[in-house]
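To keep things clear, I will list the structure first and then write my remarks on it.
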Amino acid sequence: QVQLVESGGGLVQAGGSLRLSCAASGRTYSRYAMGWFRQAPGKEREFVAAISWSGGSTDAADSVKGRFTISRDNAKNTVYLQMNSLKPEDTAVYYCAARTGLYKPPSPYPYEYDAWGQGTQVTVSS
């Protein structure tokens, strides 16, 4: 089973940037689609971005398109989320997730991911 550990969260002012990392263990990580989700207090977990196993296909929520970029380095077993032009409404716990079926496409639906990290807090001050 793949294990995921997020890092890179923190406190940043509006307009600033952060880069989240998700380190994965497991021999077959490089064959999994990966996603980033977030959950703000009192709200449901929502899709942020996803990437195919090869990195050749990505998707992002409309609310972050043009500001956030997902990427991966399979040699380092790591997925990244570069977040620019951050807004207070981006404040949430950010989770990395793996869709552990081999070569499955990326998905915006949390229920299609079956391995999750512990989350990292991102707080954007106004």
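Not measured: the values here are computed from a predicted model.
Between C96 and M34 the shortest heavy-atom distance is SG-CE, 3.6 Å. Closest heavy-atom contact between K43 and Q39: O-NE2, 3.1 Å. What you find for V122 and M83 is that their closest heavy atoms are CG2-CE, 3.9 Å. Residues A98 and Y32 approach most closely at CB-CD1, 4.4 Å, considering heavy atoms. For W36 against C22, the heavy-atom pair with the smallest separation is CZ2-CB, 3.7 Å. The minimum heavy-atom distance linking V93 with G119 is given by the pair CG1-CA, 3.8 Å.
For the pair P106/S57, a side-chain contact is recorded, criterion being any heavy-atom separation below 4.5 Å from C-beta on. Inter-residue side-chain proximity for W116 and Q3 is flagged as unmet; no heavy-atom pair is nearer than 4.5 Å. Side-chain contact between E89 and V124: absent, with no pair of heavy atoms (C-beta onward) separated by less than 4.5 Å. Put simply, the side chain of S63 does not reach to within 4.5 Å of the side chain of K87, judged on heavy atoms. A 4.5 Å side-chain heavy-atom check between R67 and D90 finds at least one atom pair inside the cut-off.
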In residues 14-21, what donor-acceptor pairs under 3.5 Å come from side-chain atoms, sequence neighbours left out?
residue: S17; atom: OG; partner: N84; partner atom: OD1; Å: 2.9

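A side-chain donor-acceptor contact under 3.5 Å links D114 to the backbone of T100. Listed for the D59 side chain is no donor-acceptor partner under 3.5 Å among the backbone atoms of A50.
Atom CZ of R99 is separated from atom NZ of K104 by 5.5 Å, given to the nearest 0.5 angstrom. Atom OG of S30 sits about 11.0 Å away from atom CG of D73, to the nearest 0.5 Å. Of the inter-residue distances, the one linking T91 atom OG1 with L11 atom CG reads 8.5 Å to the nearest 0.5 angstrom. If you take CD on Q1 and CG on L4, they are separated by 8.5 Å, rounding to the nearest 0.5 Å.
Under the 4.5 Å side-chain heavy-atom criterion for grouping Ile, Leu, Val, Met, Phe, Trp and Tyr, Y113 is not connected to V64 through any hydrophobic cluster. Under the 4.5 Å side-chain contact rule for hydrophobic residues, F47 and I70 do not share a cluster. Hydrophobic clustering keeps V2 apart from F37 (ILVMFWY residues linked when any side-chain heavy atoms are closer than 4.5 Å, directly or through intermediates).
Side-chain contact check for E6 and T120: no donor-acceptor pair (N or O, by modelled atom type) lies under 3.5 Å.
Pairs engaging residues 77-106 under the ring-ring contact (aromatic ring centres under 6.0 Å, His included) rule: W53-Y103 [sequence neighbours left out].
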### Query
Is there a side-chain hydrogen bond (donor to acceptor under 3.5 Å, both in side chains) between Q82 and T69 once you walk through the steps?
CA-CA 5 Å; Q82 178 66 45; T69 302; over 6 Å; no

#### Entry: salt bridge (charged side-chain N to carboxylate O under 4.0 Å, His left out) between K65 and D62, worked out
CA-CA 5 Å; K65 279 181 180 176; D62 288 344; 3.4 Å; yes

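In this structure, R72 is positioned above the aromatic face of Y29, its NZ or CZ under 6.0 Å from the six-membered ring centre and within 45° of the axis.
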